[in-house]
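In what follows, chains are A, B, ... by sequence order, proteins preceding strands, each numbered from 1.
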Amino acid sequence: MWQSPIFQKILRKLNITFTLFILTLSAGGLTVTTTVFAALTDTSQFQITISAGSLSAEIVDGSYATVTTPTVNMSDPTFGFTCQTSGSTGLFGTATEQIYVQNPDAADGGWTLSISANDGATDFWDSAGTDMDFNDATNTGGIGCGEDSTSEPDTIKGMMTVDASVGGGADLAVGQCGSCVITNITQEASDNFDEGGTDSIVMLTAAAASNDIGDWTLQNVVITQTIPAEQPAAADYDIDMRITVAAT
Amino acid sequence: MYTYFLQMKKQTNLLISAFLLLLFTFTNAATAIEFSGTGGKPAFPREENPRTDSIFVHIMKPGETVEEGIRAINNSDVIQTLLVYATDTSPASAGGFACKQLAEPKENVGTWINLKQTEITLEPKTNRVIPFTITVPENYDVGEHDACIAIQTKAAPSKGEEGGMSIGTRSAIRVAITVPGEIIRNIEITDFSAEKGSVSAIAKNNGNVSIDANIEIILKNMFGQHVITYGGEFPVLRDKPKEWHFALPDFFWGGWYSADLTITYDEDPEAQTGVNTEGKLTSLEKDTIWLFIPPSTTGLIVEIIIVLFILINLFVLIVAIKRKRWIKHKWIEYKVNRNDNLQILGEKFDVSYNLLIKANKLKFPFILKQGQIIKVPPSKKTD
């Protein structure tokens, strides 16, 4: 009987079924996305604790590992006697430094992803020499070229524009989530900082109907800095920016 | 032979098992997300308002204090020291919600929030509740007032070596406090347009509370067929125009499309952030706009080929009709002579012998008989 071809065939089929069963079990284990703790008590009851998740934004590399010192490389303009409205540009969000938003069922009513200067609206491009502004939108000889002497406490010029729009080339994509979509997440239009008027620029807005559980990446957000006329040549202009993902 | 057959079957089974193993392994690699960030969420959500799962929502009288809590979470693999702080809201582009930075002084609703702890160190994959209170000042005006509670790692953004822009991250939670009184919930559509590859709408909140508005833009092609619907439910903040810019996808054929805008919201003063009343929703509409969407490159090439094909065929058809009329009205009868053939007659009447064949419906082998009457173009050579 054991040598019977039919019995052998049944055994092989059972082998495949068993393999499938084991694989399905392990698949279920692997899909648990947060910390799982199982304890077998003396009454043989299983206990699972899934830790809370929070809406978060990070800068990650292509393997979704956190980048510890993310920066945006801006192009190097040359000194000019006239204002350069597209003087320096850079790409925020690259393949190795992606903007990464995770929502593990923490913001069911939607969220926004915005960017602003880390020191607030009075921040500027700091240099050992003459500083340069990032939010003086006065339109004198070109937007961002003038100096607002009334509402701004500083005396420096310059303006930064952030373009996370589809038309500007920014690329929103689903991260590691296999079943998520970018539907109901809007890439906002290009806008410039304007002290007191626009201190934060919203890059993404997720509607209430966006995936409650999901993760997304954003790349190729175009940063453009207006270089004021006669802005001194220097290699040390720096500014700290911070992106905020806010549950709304 | 039978042994060979058995070996083959074994190999097949092995291959199937290996394939299934690989399939499941890679399927799981694609679907398993390890949420890794740091942040927070409301610690004490209330059943009557599902929105309190995500943000802090309270109706509070002037002078009233409520106790709340935020669950600070570290889902990363390392110990994190987090800063937890309240801020005012920040004026943001597109009428969106944003928060001021830690460095900026609190002047408005941020000052109402008093956190019991502003710095917390969490082990990996742990969380802890930080209690706080919200106190509305006396004699504060009716309506909604927003603030944020933000969480960020203590480490400051690192500077680039030679200048440049360094980036830090944080997460925040909206705090929406409504002081009861004469609540006004009113939205008006101020703009609906299409430009630069997007369709845009602007709605202004004329009320004194934020409104969760459902925007719907339906795009139809020139035949009235539904193509795509944009929209969703978004908060329209108090005193701010909210802008929506929905990017148009690449349409293969392009062409003219119509767009219709509808915004629905609960106008009932009893409604609040996260909770609509059971009454009828108010619906706002704007006149249909028409927009031209250029075709994709491939679509354009295909369209050019189709148009050329149609034009060429049209040209050929017109030529054929005109020639038919010319033959019918202008051609004359001619009696075939003894030495005539199609080639000779073609040269004689300055016309191709093919046209003579077609005009006279001659059949192969196209031999003309003496005395046969055929039609030929009018010519001086007919004598």
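- Your options are A:Gly167, A:Gly197, A:Ser210, and the one with the most heavy-atom pairs under 4.5 Å with chain B is A:Gly197.
- Here the side chain of A:Arg242 pairs a donor or acceptor atom with the backbone of B:Thr169 at under 3.5 angstrom.
- When side chains are defined from C-beta on, B:Ser166 does not count as touching A:Met241, because their heavy atoms never get closer than 4.5 Å.
- Ranked by heavy-atom pairs under 4.5 Å with chain B, the list A:Thr122, A:Asp199, A:Val101, A:Val60 is led by A:Asp199.
- Using a 4.5 Å cut-off between heavy atoms, B:Gln152 contacts chain A through its side chain alone, with no backbone atom that close.
- Residues A:Ala246 and B:Cys99 come closest through the heavy atom pair CB-SG, 4.4 Å.
- Interatomic distance, A:Ile243 CD1 to B:Arg170 CZ, rounded to the nearest 0.5 Å: 10.5 Å.
- Residue B:Ser198: no heavy atom, backbone or side chain, is found under 4.5 Å from chain A.
- Heavy atoms of A:Ala234 lying under 4.5 Å from chain B are absent altogether.
- Contact record, A:Ala207 with B:Phe234: CB-CZ, 3.4 Å, taken as the closest heavy-atom pair.
- At a threshold of 4.5 Å between non-hydrogen side-chain atoms, the residues B:Met165 and A:Phe92 do not count as touching.
- The closest donor-acceptor contact from the side chain of B:Arg51 to the backbone of A:Thr248 lies under 3.5 Å.
- The line from CD1 of B:Ile167 to CD1 of A:Ile99 is 7.5 Å long, rounded to the nearest 0.5 Å.
- Chain A forms the most heavy-atom pairs under 4.5 Å with one residue out of B:Ala172, B:Ser90, B:Gly232, and that residue is B:Ala172.
- Closest heavy-atom contact between A:Ser114 and B:Ala98: OG-CB, 3.8 Å.
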- Apply the test side chain to side chain contact (heavy atoms under 4.5 Å, CB included) to residues B:Gln101 and A:Ser116: give CA-CA distance (whole Å), side-chain angles for both, the deciding distance (0.1 Å), then the verdict. CA-CA 8 Å; B:Gln101 295 290 344; A:Ser116 52; 2.6 Å; yes
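- A donor-acceptor pair under 3.5 Å is absent between the side-chain atoms of B:Ser171 and the main chain of A:Ser56, judged by distance alone.
- Other residues, nucleotides and ligands contribute more than 12 heavy atoms inside 6.0 Å of the CG atom of B:Asp191.
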Which donor-acceptor pairs under 3.5 Å do side chains of residues 183-193 of chain A form with protein atoms, sequence neighbours excluded?
| residue | atom | partner | partner atom | Å |
| --- | --- | --- | --- | --- |
| A:Asn184 | ND2 | A:Ala209 | O | 3.4 |
| A:Gln187 | NE2 | A:Ala164 | O | 2.9 |
| A:Gln187 | NE2 | A:Ala170 | O | 3.1 |
| A:Glu188 | OE2 | A:Thr205 | OG1 | 2.6 |

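- Of the listed residues (A:Asp123, A:Asp108, A:Asp194, A:Val202), the greatest number of heavy-atom pairs within a distance under 4.5 Å of chain B belongs to A:Val202.
- Chain B forms the most heavy-atom pairs under 4.5 Å with one residue out of A:Ala106, A:Ser165, A:Gly110, and that residue is A:Ala106.
- Of the listed residues (B:Ala94, B:Ala103, B:Ala92, B:Ser93), the greatest number of heavy-atom pairs within a distance under 4.5 Å of chain A belongs to B:Ser93.
- Formation of a donor-acceptor pair under 3.5 Å by the A:Thr112 side chain with backbone atoms of B:Phe97 is found in this model.
- Remark: B:Lys100 NZ to A:Ser200 OG distance equals 9.0 Å, nearest 0.5 Å.
- Distance check: B:Leu102 CG to A:Asp119 CG gives 9.5 Å after rounding to the nearest 0.5 Å.
- Across all their heavy atoms, A:Gly53 and B:Ile73 have their closest contact at O-CD1, 3.6 Å.
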